[in-house]
2 protein chains.
Amino acid sequence: MLRRRTGPPTLEEVAALAGVGRSTVSRVINDAAGVKDTTRRAVQRAIAELGYVPNLAARTLAGRRADAVALVMTEPDWRQFGEPFFSEIVRSVGDALTETEVQLLLTLVRTDAERQRLVEYARGGRVDGVMLMSVHAEDALPDMLAEVGLPTVLLGRRSGDESVTYVDADNVGGARSAVAHLLDTGRRAVATITGPSDMYVAQCRLRGYREALERAGVEGRPSWTVEGDFSADSGHRAMAELIERAPEIDGVFAASDTMAAGALNALRAAGRRVPDDVAVIGFDDFPLAQHTDPKLTTVRQPLEEIGHTMVRLLLEEMEEPTVAWRHVILRTELVVRGSA
Amino acid sequence: MLRRRTGPPTLEEVAALAGVGRSTVSRVINDAAGVKDTTRRAVQRAIAELGYVPNLAARTLAGRRADAVALVMTEPDWRQFGEPFFSEIVRSVGDALTETEVQLLLTLVRTDAERQRLVEYARGGRVDGVMLMSVHAEDALPDMLAEVGLPTVLLGRRSGDESVTYVDADNVGGARSAVAHLLDTGRRAVATITGPSDMYVAQCRLRGYREALERAGVEGRPSWTVEGDFSADSGHRAMAELIERAPEIDGVFAASDTMAAGALNALRAAGRRVPDDVAVIGFDDFPLAQHTDPKLTTVRQPLEEIGHTMVRLLLEEMEEPTVAWRHVILRTELVVRGSA
DNA sequence: TTGAAAGCGCTAACAT
DNA sequence: ATGTTAGCGCTTTCAA
């Protein structure tokens with residue numbers, strides 16, 4: 001590091017210049033009570049004059065916290081990064097933190113080397129807590145962090161009995177209400193395009209679909225369920241397959257709006273009118289729907305609230321560490337727009 | 001897993017368990033030479049047994065570096081975040097760092113409070129260097145960092161005489177070659193949709209446009225230049241305006257492919273055939289063009305190389321701090337696809 | 001090849 | 001209200 005001549009100004013130098021003791025300076029920069037106003041001023045003047053900035057490493061080492069939290073994105077498929085879903089989460093997490101003294105650190109974990117580096121970084125005490133997005137079922141990262149007592153919050157669950165604190169949307173309920181809506185509006189043969197069956201979120205949405213059918217006394221058929229991978233392309237292919245093998249369907253619930261958009265295209269390409277012949281509802285990965293079809297009815301996830309809640313849980317856990325993990329499931333909302 | 005008994009294991013505890021001194025353990029974890037092989041093994045065993053991870057704050061304080069760099073995104077308009085341009089840069093920077101011990105920290109700076117927080121974070125010694133993306137002309141952040149001797153690299157310039165080390169694409173040359181291509185392929189009345197005139201990058205691309213016209217001996221008209229804001233919408237509006245006030249144009253150079261996409265739509269809406277009636281070239285914010293029009297001819301920026309170069313410059317500067325700032329301008333490439 | 005000891009700059013008891 | 005002091009966990013001379 002360049003400076004090291006005398007190095008950057010230290011608290012001690014400030015104290016000397018202000019003619020006070022170290023601890024007084026410490027009190028001033030930490031807004032502690034019990035400093036005479038004139039003294040405080042003198043110290044502040046010295047700080048300004050020297051351009052003093054506290055050494056965070058020293059502060060952390062001396063027992064206080066790192067005043068930083070990490071928002072980790074574990075995504076091998078890098079293109080996900082640009083998705084509105086993520087940028088929306090990042091934005092809301094940033095918003096929730098903007099009032100605090102806590103610095104938000106976004107980090108990427110793609111390879112095992114990066115995973116290892118992150119663990120060392122976090123365990124090394126550089127952050128006070130970690131939020132993880134898009135964690136896959138087999139990923140041990142959350143456990144590696146939580147087990148060491150580092151406050152950790154997950155966005156979504158890896159499975160039905162997730163042990164780490166998490167915030168999730170009510171995927172089952174959301175799917176159920178979407179399908180119920182289709183049935184309520186006169187559709188009978190409602191199909192579904194699911195997400196990858198090894199993802200818990202996809203399982204939940206499929207469960208919701210099934211529950212809605214069951215509650216309405218509709219006998220679903222195996223041919224009404226096709227698996228996609230959340231991408232628009234897969235939605236297109238799945239829809240084409242549905243048209244082929246179950247021409248009777250008049251409603252579709254897609255486990256993501258991206259797939260819903262693909263399905264819409266496939267329907268139109270096949271000459272089916274939407275929503276007259278077939279109605280489509282997608283599970284909303286948020287503002288994306290607006291880019292694809294502004295009239296697509298969707299199940300909206302409360303992304304803003306998810307971000308805020310993650311931050312709240314994390315800060316709470318940082319404040320007073322608990323052994324009890326907490327799980328929050330947020331309600332979704334069915335947004336009915338023109339074309340469903 | 002038991003923890004927090006006395007806190008996480010320290011180097012000292014490792015030393016005790018291994019039956020050696022502190023410094024020996026330090027040497028082992030830092031891969032320093034001069035440790036007998038059997039000793040090294042013993043230490044490693046102790047480390048594993050205790051699950052020891054070095055305290056990074058202590059390490060940093062003791063004089064070594066933070067082993068982290070920040071990639072800062074200063075973007076009030078948050079929606080930019082999802083742009084392929086940024087995700088591509090983030091990806092390539094991450095790639096360039098993946099082999100190193102350096103942790104990449106992405107941070108967002110939207111408000112002044114966040115700006116301040118970042119400065120304190122960086123000056124506080126938590127990162128060894130900073131890369132900044134999408135810095136606006138009036139932003140003093142780069143200076144605030146560079147002036148304290150913190151290695152700093154900019155993506156793009158704030159003005160013609162940028163003082164902080166930067167990496168930029170050859171915007172003038174890229175624009176020139178795009179327009180030259182249009183002229184070479186028989187277009188005469190080539191218009192341009194510029195970016196915001198207060199952004200240096202937009203100025204450069206406009207300059208390139210003008211230079212190309214001049215070199216070809218084509219007399220440009222004021223009505224051939226319309227200002228957009230890099231968004232697709234603005235491209236659409238600008239094109240509509242061009243059609244209106246300069247119906248003679250048969251070629252358009254847009255300062256971003258996003259605007260080019262908007263322009264394309266406007267042209268088609270107006271019944272102009274593309275590229276038969278009007279050819280369009282956009283300055284590529286990278287993979288985006290593929291989402292809009294796979295046949296759109298574009299000026300491609302070497303984003304991968306930009307990211308790598310930023311990292312290289314930063315690491316070099318971290319290695320041995322220089323007073324001399326360095327500027328790198330990378331060549332662009334005209335990618336001719338079907339429809340130009 | 002190894003250990004002992006002196007800080008790195010700060011916070012937080014504890015004195016005053 | 002303020003100063004003194006003892007660490008926080010590590011790296012790094014300097015001896016041995």
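Atom set for the values below is all heavy atoms of this structure, side chains included, hydrogens, waters and symmetry mates excluded. Quick caveat, the model's predicted, so the values are computed rather than measured. A note on names: the letters A, B, ... follow the listed sequences, proteins ahead of strands, and every chain is numbered from 1.
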**Message:** How many whole angstroms separate atom CD of B:Glu13 from atom P of D:dC8?
**Reply:** 11 Å

**Item:** Proximal nucleotide (of C:dC10, D:dG9, D:dT11) relative to the B:Arg22 side chain
**Value:** D:dT11

**Prompt:** Given atom CD of A:Glu12 and atom C1' of C:dC8, what is their separation to the nearest angstrom?
**Reply:** 12 Å

**Item:** Donor + acceptor pair across side chains of B:Arg110, B:Thr74 (<3.5 Å)
**Value:** no

**Asked** Separation of A:Asp37 atom CG from D:dA1 atom P, in whole Å?
**Response** 11 Å

**Request:** Take A:Arg326 and A:Glu316, measure what salt bridge (Lys or Arg N to Asp or Glu O under 4.0 Å) needs, and give me the verdict at the end.
**Result:** CA-CA 11 Å; A:Arg326 277 161 310 164; A:Glu316 281 174 18; 2.7 Å; yes

**Asked** To the nearest angstrom, how far is A:Leu56 atom CG from C:dC8 atom P?
**Response** 18 Å

**Asked** Between B:Thr39 and C:dT2, is there a side-chain N or O to OP1/OP2 distance below 4.0 Å?
**Response** yes

**Request:** Compute whether any side-chain donor of one residue and acceptor of the other, for B:Arg117 and B:Thr107, lie under 3.5 angstrom apart.
**Result:** no

**Message:** Strictly below 4.0 Å: does B:Ser23 bring a side-chain N or O up to OP1 or OP2 of C:dG3?
**Reply:** no

**A:Arg123 CZ - D:dG9 C1' separation (whole Å)** = 15 Å

**Side chain of B:Arg27 (C-beta onward), nearest among D:dC10, C:dT2, C:dC10** = C:dT2

**Prompt:** Between A:Arg126 and B:Thr60, does a side-chain hydrogen bond (donor to acceptor under 3.5 Å, both in side chains) hold up when you go through it step by step?
**Reply:** CA-CA 10 Å; A:Arg126 314 233 43 157; B:Thr60 300; 3.1 Å; yes

**Asked** Is a side-chain N or O of A:Thr39 found less than 3.5 angstrom from the main chain of A:Val35, in a donor-acceptor match?
**Response** no

**Asked** Does a side-chain N or O from B:Asn30 land closer than 4.0 Å to OP1 or OP2 of D:dT11, or not?
**Response** yes

**Complete:** Of the candidates C:dG9, D:dA1, D:dT11, the side chain of A:Ala58 sits closest to C:dG9

**Fill in**
Side-chain atoms of A:Asn55 come closest, of D:dG3, C:dG9, C:dG3, to C:dG9

**Message:** If the cut-off is 4.0 Å, is A:Thr24 near the phosphate of D:dG3, judged by side-chain N/O to OP1 or OP2?
**Reply:** yes

**Request:** Give one of base, sugar-phosphate or nothing for B:Thr10, where a contact means two heavy atoms less than 4.0 Å apart.
**Result:** sugar-phosphate

**Complete:** Between CG of B:Leu61 and P of D:dC8 the distance, given in whole Å, is 13 Å

**Fill in**
When rounded to whole Å, the CZ to C1' distance for the pair A:Arg59 and D:dG9 reads 18 Å

**Item:** Interatomic distance, B:Arg65 CZ vs D:dC10 C1' [rounded to whole Å]
**Value:** 16 Å

